[in-house]
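First comes the structure, then the notes that go with it.
Keep in mind the model is a prediction, meaning the values are calculated, not measured. Within every chain, numbering begins at 1; the chains are lettered A, B, ... in the order of the sequence lines, protein sequences first and strands thereafter.
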Amino acid sequence: MKTKRVLIANRGEIANRVARACRELGHTAIGFYTDNELNAQHLQYCDEWIHLKGSTNAETYLNMDAIIELAVQHKVDGIHPGYGFLSENGIFAEKLNKAGIVFIGPNVEAIKVMGDKATSKALAQKAGVPVVPGTSEAVPTIAEAIKVANEIGYPILLKAVAGGGGRGMRACYDEDEIKKQFEAVGRESLSAFGNGDLLVEKLILNPRHIEVQILADKKGNVFHFFERECSVQRRHQKIIEEAPSPFIGEDEELRRELCETAVRLAKAVNYDSAGTVEFIMGEDKSFYFLEMNTRIQVEHPITEEITGVDLIVCMIQSAFGEDLNIPSQEWITRSGHAIECRICAEDPITMLPSPGLVTGFETNFPQGVRFDHCLFKDLEVTPDFDPMVGKLVAKGIVRSVAIRKMRAALEGVYIEGLKTNIPLHKVIMNEETFIAGKYSTSYISEIAPQDKINTEVDFTSIYKKMAGIEAKRLGM
Amino acid sequence: MKTKRVLIANRGEIANRVARACRELGHTAIGFYTDNELNAQHLQYCDEWIHLKGSTNAETYLNMDAIIELAVQHKVDGIHPGYGFLSENGIFAEKLNKAGIVFIGPNVEAIKVMGDKATSKALAQKAGVPVVPGTSEAVPTIAEAIKVANEIGYPILLKAVAGGGGRGMRACYDEDEIKKQFEAVGRESLSAFGNGDLLVEKLILNPRHIEVQILADKKGNVFHFFERECSVQRRHQKIIEEAPSPFIGEDEELRRELCETAVRLAKAVNYDSAGTVEFIMGEDKSFYFLEMNTRIQVEHPITEEITGVDLIVCMIQSAFGEDLNIPSQEWITRSGHAIECRICAEDPITMLPSPGLVTGFETNFPQGVRFDHCLFKDLEVTPDFDPMVGKLVAKGIVRSVAIRKMRAALEGVYIEGLKTNIPLHKVIMNEETFIAGKYSTSYISEIAPQDKINTEVDFTSIYKKMAGIEAKRLGM
Amino acid sequence: MRTYLIDSEKNEVVVDLTKTIIHSSDKVEFEFSSFVDSELVNKKSVIIRQLAGSYFYSENGVSWSKIAKQKLPKKILSIDRVFDVYRGYKPSGLAGGGEGALLTQMPGKIVKILVKEGDEVYKGQTLVILEAMKMENEIKCGVDGVVKSIHVKEGDALDSGILMLEVE
Amino acid sequence: MRTYLIDSEKNEVVVDLTKTIIHSSDKVEFEFSSFVDSELVNKKSVIIRQLAGSYFYSENGVSWSKIAKQKLPKKILSIDRVFDVYRGYKPSGLAGGGEGALLTQMPGKIVKILVKEGDEVYKGQTLVILEAMKMENEIKCGVDGVVKSIHVKEGDALDSGILMLEVE
């Protein structure tokens, strides 16, 4: 296999991750640094460093033309977009194809179909994949919305066609609420996503967010790598993920059905890369297709940990038309349980982003902990970028062992100068509902573990910090 | 489970490893430092640091009374001996029992039976475990030795009852050689091990060294965690191990037979901890019991990587009479392939120990590499201790992926100031016999990968070192 | 040396490094004394040991925990609390009652007066050095202006809350 | 500054740092020139960049590889070869022909003579500073003794192999 030149059009921990996959494959990893991140830590795993001029995302990691120009100029064979930024942008993928550069992701058609709520839902239905009862096309009027609501029953959700990440949706428990909310949500969506069209959907109560990892090659082979549960969310953004799902638990029948449904959908869209099919699961274990993310996902490590496969490596191989060396679905097995805690630069109680300068960073972990991160002493966490600075992953033979390991791992992260949500994770790892695995997406709002964080400052903790500072001052 | 105070009567990477297991279990890890290793790196994972006075091994890590006295003084619940030193010393275990301290290892009887070649061989035969044809008791005279040799056929091996690690053995291809060697080997053994008794054994040609990992609790449950192949050896000491064995390969029938044989033996000796049953396997895949190591082994990580179990954690739990949470043998599965390269402070060509001062240390790994080590800038590798400074472990879904990952991993270790065998490992990972998995214990002597090491010094390599030095000088 | 930690709610902790014993090139002992509202509320001896390139903290020399090295930061964080850190002297904004009126914040002795009446001074300029708790504290000016009057002289031993000089 | 690398077989490589350009606090460029038997055999400009606390090496400013930081070590190892490192000057044992006779090892100019005839000198003491290849080289004494005679004066431009002074 000829070694390739791979450009990573991303930053932070995922850029590290992709570069390390290239390192294994013998490919040349090429990384960007921008005006506002000259000391981009992810360059440390890259073989070549390129200056992507500008500071705003629009000037840099969202700037298709600048990226493609640099890619051509540096004779790049393929571009890995990571997650976020241009990772699900069909136009970008199209432009790359035109430029003769491989987009390390799925085919353009798949991106486009799955990128639109309505068309993806329609496709799912055609493929016999259960979807949340509701409309697959935009609902033009309030009257129409109410008509649909009466068919599928309350509560319902008003949802922006172009929305995502939990933004642009509103729950309505009766007709009046629809009348009140309809136009407001429409206006919001228009300004937020440039599209005011709304869908009406049945609202699933106490839902679980469960997703299936897909990996496919360019030869029509589509495999699943089991599921992940991502129900611990704040503001509809995941902060803790696990594999396998504690809600599905020992129900192998349900697990197989869910995973095979995801594969069926992926095949229907001729999927040919790493991707994730997201489902919402009700308390009765009925599940409905939400959306398909046509990219690698933040939480991919927990799947790698329980299946032993390197998803990023496979994704790159698939993009270049190489074999995945996976003989069959049955050949893919899972063992143990993995948990991921997203480490974010945010206030652990308000969970609002809290940028800052990392003045000290150390770790001291038990065995078998994985920490994908972009932290280093002197890292400036700016509001420009995602507040997530790392992903702490612990694996055990069973869930209780993974939780035990995660507790010890959280105790072993020392970050100075930055507020992080580590104190929140520490509480959750000792909170009974989580330990019992009986949580839904409303966990944070209902159980409110953030309220159990002990914020008391004791002198020992102050002396520890001061002593570290004074010792450093002495040049020790 | 009440948290315990665990004393680690060892140093180097294994002391790190045990301390990290304690960290996960919430136990207090107590570490030693000696006069000749005040900056013992393994203390970094220990919660308490105790001074074990003295410099020679006899004064320190072999000094039972001093260790037990300190253990009592510091209210220790249990002692983990690591490997080497007192790890297989029945008297030490006995003394601990008397002192009311838990020996984190098997029962005294098991240690003693397996510690003696003759009695262990006899037990194996009683348990129906195949042993290398030969005598199970010492052979008093040359005439007797020749008589046995004629029965079992040449070539034969003259082997010290008390020998080990390949020391105290000599091959004889005919009667004359026995006459020549018998007394010489006896004298050597007497001076080396304080016991001149010899056994006569059939010599297996092109043998594979294959061992089975055992884990047992105090309730009579004995499990195996599949096999490891350790045939890449120099001076009868392992330098590369893999799991599973490429020689056994897809022969699941043979694998099950081997592993179940090991379990049978462990049960016969009422084994109740982590241990390893070592076998020698001929080219016809017939296998014979060699010895049982009644301790955790250097190469345990590769088994942990393919089975997902934490052997040290389980070993500690077993010692304190806790459950291992392993429902059945069938529940234990393996996936993927793991390789370990022992990183030793030695000349890569002569393979002789080469102590020194580590003047610089960095790593830059692909994803999914495990490096258990005791390296840090300013580490002084002295002749007092084992030259092994680390164990590089790479895992992949299949063997070829593990090799690919190991190649990248070896490129990512930067050790300055110390000769290491990394250049040798780099050659082996690209050598066809190894890649084909068709090697025997004579691999190093016959294939001689050490002769393929390129020792040429180019200016770039010199400039790299000088530039690092000058930049540091500038205080950058 | 003394350090002022002042959090977002303007709560103030004063940490004095009242003793430093260097045991070896990689082992040092510190004695810290903490004051809240000029009251000694806590005093502790701690040991820092460098091992394999990292710092470890101990209060008894037996049990150790790893800590992160850091240069003197502008902020120290604890869970959700942020302390602004001022080292060696109080920040101008807090250097005495009124903007221009410098009062002693603790009992101490005037080591040096760096200005005379009529001098033009700027915000942040050191006007007086006050020795207190075995530490020299630079007393800075809180405003730009002119030194109107000086009420103390070098060598004076003062109680807390004494007006040293005024700037207008 | 120059550095002598001498391996176990007494093979000698002389590495001169002939240029240092500091681009920023974490980026510096070095020009190295290497000599074997006083012959320039190699010359190269390299860049060192500090990133996230580690050093990275580049020869073209585009492709980078990580290297280990180290303080000037006594030995530099390469695979199975060990070089003794001497910085700035040749080790006394190699400081010129006879033990007590200091000869120029390369063409250069006498910058300073630090002793006069009759002075008692000790092994390792710097006797002369010789400028060569834009570098000042401390010429050290190879033996304990007394300066017998000085054959050069400050400012002299000398060829290689010239006897500068004698100690006995």
Among [options], who wins on heavy-atom pairs under 4.5 Å with chain C?
options: A/Gly475, A/Pro423, A/Ala467, A/Gly360; result: A/Ala467
options: A/Thr359, A/Asp347, A/Leu424, A/Val358; result: A/Thr359
options: A/Ile469, A/Leu474, A/Asn364; result: A/Ile469
options: A/Glu456, A/Glu416, A/Lys464; result: A/Lys464

Pick from [options] with the largest number of heavy-atom pairs that fall under 4.5 Å of chain A:
options: C/Phe30, C/Tyr55, C/Phe83; value: C/Tyr55
options: C/Val82, C/Asp26, C/Asp80, C/Ile48; value: C/Asp80
options: C/Ala68, C/Ser78, C/Ser25, C/Ser65; value: C/Ala68

Atom pair CZ (A/Phe361) and NE2 (A/His373), whose distance is rounded to the nearest 0.5 Å | 4.0 Å

Side-chain heavy-atom pair A/Val232, A/Ile444 within 4.5 angstrom cut-off = yes

Does any backbone or side-chain atom of [X] lie under 4.5 Å from a heavy atom of chain C? Answer side chain, backbone, both or neither.
X: A/Asn454; value: backbone
X: A/Leu357; value: neither
X: A/Ile422; value: neither
X: A/Lys419; value: both

Keeping the roles fixed (side chain from [X], backbone from [Y]), state whether a donor-acceptor pair exists under 3.5 Å.
X: C/Arg81; Y: A/Thr455; value: no
X: C/Lys44; Y: A/Thr460; value: no
X: A/Lys238; Y: A/Cys230; value: no

How about [X] and [Y]: does a side-chain donor come under 3.5 Å of a side-chain acceptor?
X: A/Glu229; Y: A/Ser231; result: yes
X: C/Gln70; Y: A/Lys465; result: no
X: C/Ser149; Y: C/Glu166; result: yes

Portion of [X] that has a non-hydrogen atom of chain A nearer than 4.5 angstrom:
X: C/Val85; result: neither
X: C/Ser45; result: neither
X: C/Ile47; result: neither
X: C/Ser54; result: both
X: C/Lys27; result: backbone

Closest heavy-atom contact between C/Asp16 and C/Arg2?
-> OD1-CB, 2.6 Å

Does CD in C/Glu120 sit with more than 12 non-hydrogen atoms of other residues, nucleotides or ligands closer than 6.0 Å?
-> no

